[in-house]
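Here the structure comes first, spelled out in structure tokens, and everything after it is commentary.
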2 protein chains.
Amino acid sequence: MRRDVFQGIADPTRRALLGRLTKEKLNLTSVAESFDISRQSVTKHLRILIECGLVTEQKEGREKYFKAQPEKLSEVAAWMEQYRMFLSKSYDRLDDYLKTLQTKKPKNHEQRKSQSRNKRK
Amino acid sequence: MRRDVFQGIADPTRRALLGRLTKEKLNLTSVAESFDISRQSVTKHLRILIECGLVTEQKEGREKYFKAQPEKLSEVAAWMEQYRMFLSKSYDRLDDYLKTLQTKKPKNHEQRKSQSRNKRK
DNA sequence: TATATTTGCACCCATACGGTTGCATTTACA
DNA sequence: TGTAAATGCAACCGTATGGGTGCAAATATA
């Protein structure tokens, strides 16, 4: 079974998961509550992300925490290098925009274990 | 059926197709001969690439020519921007490179019809 | 210790993927 | 006009995806 980074980011839910787990390390139920799919489904997506190296897991007591390894995306960046001359202006503009934000580091904000048990519904 | 650029590049064969069709415009049989899978399989991959905008087709007589639209990859580049601070040096160089180009438009270079019917074997 | 929380395990389901083969259709060309 | 080449169409196959449910096991906590 092929399991590379390109396949990891192929699914929109997984891209969202990656975004979420880049901002903060979360345990399974916490992250599952942010998404409209079942915990089991989240587990499967996470497994794929782990298998392709975009996420790592770490057990703490009975909980299992997940966090992103966004450096792995450099494989995608490397592949895209060959197409750099085709990338558009909009890309440059976005790039400039993001440059203004560059000082803010992705801090893991407040919640840790606290809430995370506010079931929706 | 989800059909975006991320899914387009998820498969290694499709990435290879994209590379091939970026270098030159080719008709179906020509491109199929470069790959170790059947013509039908190539057709299916091309259909996916077309549906997500990474390739365009153009009929000429009884032949159908395909060429890449690598500019579409800027959607991927845009998404990756948010992870720029995690990417390695090489990617930053890409970024610098792009900045120097800001005026140049992505031009489609030389080869057009010429070869493309040189059967191997 | 009893109970609640978190995760894991084992299925189930429909559909998409990646590949194939066989045959039909269209179009050049000798 | 007949034949060969290029493509299209349809069906099939095994496995992966993306989703679900139910229940067991492990571990906190009242």
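Both backbone and side-chain heavy atoms feed into the values below; hydrogens, waters and symmetry mates do not. Residue numbers start from 1 in every chain, and the chains themselves are labelled A, B, ... in the order their sequence lines are given, proteins ahead of strands.
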> Does Arg14(A) use its side chain to pair, donor to acceptor, with the backbone of Ile9(A) at less than 3.5 Å?
Replying inline: no
> Can you name the residues that form a ring pair (Phe, Tyr, Trp, His ring centres under 6.0 Å) with Tyr83(A), not counting sequence neighbours?
Replying inline: Trp79(A)
>> Working note: Glu57(A) + Arg47(A), criterion salt bridge (charged side-chain N to carboxylate O under 4.0 Å, His left out); need CA distance, chi angles, decisive distance, verdict.
In response: CA-CA 9 Å; Glu57(A) 57 187 332; Arg47(A) 189 175 44 73; over 6 Å; no
> Starting at CD of Glu60(B) and ending at C1' of dT7(D), how long is that distance when rounded to a whole Å?
Replying inline: 14 Å
>> Starting the side chain at C-beta, find the nucleotide from dG8(C), dT21(C), dA6(D) nearest to Thr29(B).
In response: dA6(D)
>> Tell me if a side-chain donor or acceptor on Ser41(A) pairs with a main-chain N or O of Ile37(A) at a distance below 3.5 Å.
In response: no
> Which whole-number value in Å describes the distance from Leu28(B) CG to dT26(C) P?
Replying inline: 17 Å
Using a cutoff of under 3.5 Å, can you pull out all pairs of nitrogen or oxygen atoms linking the protein to nucleotides 22-24 of chain C, with atom names and distances?
none

> Do Ser34(A) and Arg20(A) have a side chain donor and acceptor closer than 3.5 Å?
Replying inline: yes
> With the 4.5 Å side-chain cut-off for hydrophobic clustering, are Ile48(B) and Leu73(B) part of the same group?
Replying inline: no
> Hey, which of these two, Lys59(A) or Val42(A), hits DNA chain D nearer its 5' end, going by closest nucleotide?
Replying inline: Val42(A)
> Rounded to whole angstroms, how far apart are CD1 on Ile9(A) and P on dT17(D)?
Replying inline: 15 Å
> Do the non-hydrogen side-chain atoms of Leu28(B) and Arg39(B) ever get within less than 4.5 Å of each other?
Replying inline: yes
> Hey, does the side chain of His45(A) come within less than 4.0 Å of dT17(D)'s phosphate (OP1/OP2), counting only N and O?
Replying inline: no
> Atom OH of Tyr65(B) and atom P of dG8(D): how far apart are they, to the nearest Å?
Replying inline: 13 Å
> Looking at dT6(C), dT7(D), dG18(C), which one has an atom nearest to any side-chain atom of Glu63(A)?
Replying inline: dT6(C)
> Starting at CZ of Arg47(A) and ending at P of dA16(D), how long is that distance when rounded to a whole Å?
Replying inline: 11 Å
> Roughly, in whole Å, what's the span from CG in Leu46(A) to P in dC9(C)?
Replying inline: 15 Å
>> I want to confirm an ordering. Mapping Lys44(A) and Lys64(A) to their closest nucleotides on DNA chain C, which one lands closer to the 5' end?
In response: Lys64(A)
> Which sits closer to the 5' end of DNA chain D, Gly61(A) or Arg14(A), going by the nucleotide each is nearest to?
Replying inline: Arg14(A)
>> Donor-acceptor pair, distance only, cut-off 3.5 Å: does the side chain of Thr22(A) make one with the backbone of Leu18(A)?
In response: yes
> When you check the phosphate oxygens OP1 and OP2 of dT20(C), does a side-chain N or O of Ser38(B) lie under 4.0 Å from one of them?
Replying inline: yes
>> Heavy atoms only, 4.0 Å cut-off, all strands: where does Glu57(A) land among base, sugar-phosphate and nothing?
In response: nothing
> Arg3(B) has a side chain; which of dG19(C), dC17(C), dT21(D) sits nearest to it?
Replying inline: dC17(C)
> Within the structure, does a side-chain N or O atom of Gln7(A) lie under 4.0 Å from either OP1 or OP2 of dA16(D)?
Replying inline: no
> Starting at CG of Asn27(A) and ending at C1' of dG8(C), how long is that distance when rounded to a whole Å?
Replying inline: 15 Å
> So which nucleotide from dG19(C), dA28(C), dG18(D) ends up closest to the side chain of Arg62(B)?
Replying inline: dA28(C)
> Within this structure, what is the CD1-to-P distance between Ile37(A) and dT17(D), rounded to whole angstrom?
Replying inline: 15 Å
